[in-house]
Amino acid sequence: LLVVVPPTIASYGVSLRGKVILYHPVWDPSKLVAHRVVADDADGLLVEGDNVSHEHPERKWRVTAANYVGEVVGIYRTLP
């Protein structure tokens, strides 16, 4: 279960570096992906999964206001 603050409260324009966000990836807009924002530039936010072992974030795509869903503020797992 992810708890997400929607963009109406956690605005895309606010600095999100270091925070985990939820977005629709460009490569499949029907999906939702949660990644940490590691940098930003004029084209959008650079994101990377916390479990990625390489030093470079995914540089091919950016998260923009158009595919940003919100900031993840909690991740909970239900126990069996």
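For Ser15, the side chain to side chain donor-acceptor pair (under 3.5 Å) test picks out no residue, with sequence neighbours left out.
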Only distances under 3.5 Å count here; give the side-chain donor-acceptor pairs of residues 36-44 to other protein atoms, sequence neighbours excluded, each with its distance to 0.1 Å.
from: Arg36; atom 1: NE; to: Asp50; atom 2: OD1; distance (Å): 2.9
from: Arg36; atom 1: NH1; to: Gly18; atom 2: O; distance (Å): 2.6
from: Arg36; atom 1: NH2; to: Asp50; atom 2: OD2; distance (Å): 2.8
from: Asp40; atom 1: OD2; to: Arg17; atom 2: NH2; distance (Å): 3.3
from: Asp41; atom 1: OD1; to: Asp43; atom 2: N; distance (Å): 2.8
from: Asp41; atom 1: OD1; to: Gly44; atom 2: N; distance (Å): 3.2
from: Asp41; atom 1: OD1; to: Arg62; atom 2: NE; distance (Å): 3.2
from: Asp41; atom 1: OD2; to: Arg62; atom 2: NE; distance (Å): 3.1
from: Asp41; atom 1: OD2; to: Arg62; atom 2: NH2; distance (Å): 2.7

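Put simply, the side chain of Leu16 reaches to within 4.5 Å of the side chain of Glu71, judged on heavy atoms. Looking only at side-chain heavy atoms (C-beta outward), Tyr23 and Val47 come within less than 4.5 Å of each other. Contact of the His24 side chain with the Tyr68 side chain is not registered, since no non-hydrogen atoms from C-beta on lie closer than 4.5 Å. Using a 4.5 Å heavy-atom threshold, the side chains of Val69 and Ile21 count as separate.
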Under the side-chain contact (heavy atoms from CB on, under 4.5 Å) rule, what do Val33 and Trp27 come out as? Steps first, then yes or no, please.
-> CA-CA 11 Å; Val33 176; Trp27 45 268; 4.2 Å; yes

